[in-house]
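Take a look at the structure below.
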Amino acid sequence: MQQQARPGAAAPGSGAAGPPGVLRGWLDAAAVVLAGLAAMALVAALGLWAAGADTLPGGGFPAVLAGTLALAVGGSVGLDGGAGFFASVDAGITAMPLSVGLAGALTMAEVFLRQLRYRAVAGGRELLGRAARTAVVWLVALALLCAAARHTFTVPLGEGLAEQLGSALGLNPEVGFHADPASTLGLGLLWLLVVLAATFAVSRRAPLPRSLVPFQQAVRPAAFAMLLVLLGYVVLGVAAAIGTAAAHGQARQVAALALLALPNLVWLAFGVGLGGEWHGHLVGALGLPVPQPLAAVLRGGEGQDGTVSLGTLAEQDARAWWLLPLAAVLMLAAGVLAAHRSPRGVPIWQHAVRLAAAAAVTVLLVGVWTRVSADYGLSVLGVGLGEGGLGDLLGSVLGPAVGAVGPAAALTGGTLTLDPRLWTLVPLAAAWGLLAGALGALAANRLPRRGGTR
């Protein structure tokens, strides 16, 4: 008697395997992690090179590269050092170079899904096992990154009073940087779990346990549509960066911005276009080309935080109002796409609610990912060092990796903070999702479909 195929098993000759053995499972997990790290390292290395970090003294480039990868998954970088009682460093940096993180996330998702190809369903135990093994390998890789993201530089004192004091006292201050293990491992693990959850929420290629299959049509069309909105902003940002480089030169600086932190800018623009706000301030010089209105708003009044919103940006440049219709068009397109990929017969209000939920989650993540906190400086007997001293060193060492992630600028010293007002940003995104979901469903009803569902 012919044996019946087991649920979730691969068809003969399909080339896909069922649940992996122990060794195969760990090799699959290692492949996901290594592919993601390779993509992140490539993008980060090119961005750092474009920003000038290849000229770092003392062979510091590999350590800065490792620190950039740690920042990209949510970790933080600390600075320490000094010259005993006379000189001290007080610094800390928390920011995400989202170009690097996006490259890693897309690569890891693709490799993870390829290991499950040709399968319609998969057991919950198998999926949890794959995720757990990937998480273990990922934590090991992050621990190695933390060990590599550590370096010490000798700090030139510069000119003027600082140089005179340093010479008189025989000071030879040093500054070192290191990735914080706790935040890198903890938030890095959370970053991986978000990537894996988003992979299964977005892709129709991802097999689910049979108990979750009925819910996929309620989640995946809207989630996929919002992913395309984010990627659409990145594509538009790339086009704008190319235009800026062609019109104003500075091609290497623009490349550094694009390879390190383009999503930080364009996703912030998305949230602002929806009516959201970010608060922050910037003290220090800007090294990479950024929108002048953003830099002006962040500088604000002395000692006061600036509010990044449609109104404040438009006060600096009236073209900022175009962010509103851009967000509206892309959200409406998301509503149409989500409805078109959903089964026939879904009520309009359900399309609206699903897109509202997807938009709220998406913008919540955008808000968290675009937060920046960077504060660093060196003082000798309370006298701050400016140009030619720690400022220039930090600009060359950490500026490419850290300064770019806020308003995408290499800082020569000072403070940069940027925080979203999530309690208004998320409800606004949900309201946009409700409206775009309803209008998109009405428009999608007029579009031709193949078969019963898309």
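Given the structure is predicted, the values throughout are model-derived calculations rather than measurements. Counting from 1, the numbers follow the sequence of the chain as shown.
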Notebook entry, point to check: Would you call L313 and V272 a side-chain contact if the rule is heavy atoms closer than 4.5 Å?
Noted result: yes
Next item on the list: Compute whether any side-chain donor of one residue and acceptor of the other, for H281 and R299, lie under 3.5 angstrom apart.
Entry: no
Please output the side-chain donor-acceptor pairs of residues 33-51 that fall under 3.5 Å, not counting sequence neighbours, one pair per line with the distance.
none

Next item on the list: Spell out, as yes or no, whether a donor-acceptor pair under 3.5 Å connects the side chain of S183 to the backbone of S76.
Entry: yes
Next item on the list: Ignoring hydrogens and angles, tell me if any N or O in the side chain of N264 forms a donor-acceptor pair with the backbone of L98 under 3.5 Å.
Entry: yes
Check: Quick one: side chain to side chain donor-acceptor pair (under 3.5 Å) partners of W278, sequence neighbours excluded?
Finding: T370
Note to self: Applying salt bridge (charged side-chain N to carboxylate O under 4.0 Å, His left out) to D28 and R133, what does each step give before you reach the verdict?
What the structure shows: CA-CA 9 Å; D28 285 350; R133 285 187 291 270; over 6 Å; no
Next item on the list: Output the distance between atom CG (L425) and atom CD (E277), rounded to the nearest 0.5 Å.
Entry: 9.5 Å
Next item on the list: Quick one: closest heavy-atom pair of A444 and V336, and the distance?
Entry: CB-O, 3.9 Å
Item checked: By salt bridge (charged side-chain N to carboxylate O under 4.0 Å, His left out) - contacts of R220 (at least two apart) -> none
Margin query: For a quick test of reading the model, state the closest non-hydrogen atom pair linking A206 to L113 and the distance between them.
Written below: CB-CD2, 3.5 Å
Note to self: Does T362 form a side-chain contact (heavy atoms from CB on, under 4.5 Å) with L230? I'd like the steps, not just the answer.
What the structure shows: CA-CA 9 Å; T362 300; L230 294 183; 3.7 Å; yes
Margin query: So, applying side-chain contact (heavy atoms from CB on, under 4.5 Å) with L298, which one of T312, V308, T307 is it?
Written below: V308
Note to self: Can you confirm if the aromatic rings of W369 and W191 lie within a centre distance of less than 6.0 Å?
What the structure shows: no
Notebook entry, point to check: Quick one: does L236's side chain get under 4.5 Å of V266's, heavy atoms only?
Noted result: no
Item checked: Derivation and outcome, side-chain contact (heavy atoms from CB on, under 4.5 Å), residues L435 and M331 -> CA-CA 9 Å; L435 179 60; M331 283 297 297; over 6 Å; no
Next item on the list: State, with a plain yes or no, whether a side-chain heavy atom of V346 is found less than 4.5 Å away from one of H351.
Entry: yes
Checklist line | Test side-chain contact (heavy atoms from CB on, under 4.5 Å) applied to T417 and V372, step by step | finding: CA-CA 5 Å; T417 63; V372 178; over 6 Å; no
Notebook entry, point to check: From L231 CG over to L227 CG, what is the distance, rounded to the nearest 0.5 angstrom?
Noted result: 4.5 Å
Give every donor-acceptor pair under 3.5 Å between a side-chain atom in residues 192-203 and any protein atom, sequence neighbours left out.
from	atom 1	to	atom 2	distance (Å)
T199	OG1	V195	O	2.7
S203	OG	R205	N	3.0

Next item on the list: Apply side chain to side chain donor-acceptor pair (under 3.5 Å) to Q350 and list each qualifying residue two or more places apart in sequence or on a separate chain.
Entry: R354
Notebook entry, point to check: Nearest heavy-atom pair of A360 and V426: which atoms, and what distance?
Noted result: CB-CG1, 3.9 Å
Checklist line | Exercise: identify the closest heavy-atom pair between L145 and A70 | finding: CD1-N, 4.4 Å
Next item on the list: With rounding to the nearest 0.5 Å, note down the distance linking CG in L127 to CG in L208.
Entry: 7.5 Å
Note to self: Would you compute the distance between atom OG1 of T134 and atom CG of L139 and round it to the nearest 0.5 angstrom?
What the structure shows: 11.0 Å
Margin query: Testing the basics here: between A314 and W321, what is the closest heavy-atom pair and its distance to 0.1 Å?
Written below: CB-NE1, 3.1 Å
Check: How close do A359 and G433 get, heavy atom to heavy atom, and via which atoms?
Finding: CB-CA, 4.3 Å
Notebook entry, point to check: Which value, rounded to the nearest 0.5 Å, describes the distance between F177 atom CZ and H151 atom NE2?
Noted result: 7.0 Å
Check: Would you call L294 and L265 a side-chain contact if the rule is heavy atoms closer than 4.5 Å?
Finding: yes
Item checked: Side chain to side chain, L116 and E126, heavy atoms closer than 4.5 Å -> yes
Notebook entry, point to check: With a 4.5 Å limit on heavy-atom distance, are the side chains of M226 and L355 in contact?
Noted result: yes
Notebook entry, point to check: Would a 4.5 Å heavy-atom cut-off, applied to side chains only, mark M96 and L71 as touching?
Noted result: no
Notebook entry, point to check: Rounded to the nearest 0.5 Å, how far does CZ of F270 lie from CG of L326?
Noted result: 9.5 Å
Check: Does any N or O in the side chain of T184 come within less than 3.5 Å of the main-chain N or O of P181, such that one atom is a donor and the other an acceptor?
Finding: no
Next item on the list: Could you tell me which residues satisfy side chain to side chain donor-acceptor pair (under 3.5 Å) with R319, sequence neighbours excluded, listed by chain and number?
Entry: D317
Next item on the list: Please test D180 against V77 for side-chain contact (heavy atoms from CB on, under 4.5 Å), starting from the C-alpha separation and ending with a verdict.
Entry: CA-CA 6 Å; D180 178 64; V77 170; over 6 Å; no
Note to self: With a 4.5 Å cut-off on side-chain heavy atoms, are V234 and W267 touching?
What the structure shows: yes
Margin query: I'd like to know if the side chain of R114 reaches the main chain of V111, judged simply by a donor and an acceptor atom lying under 3.5 Å from each other, with no hydrogens or angles considered.
Written below: no
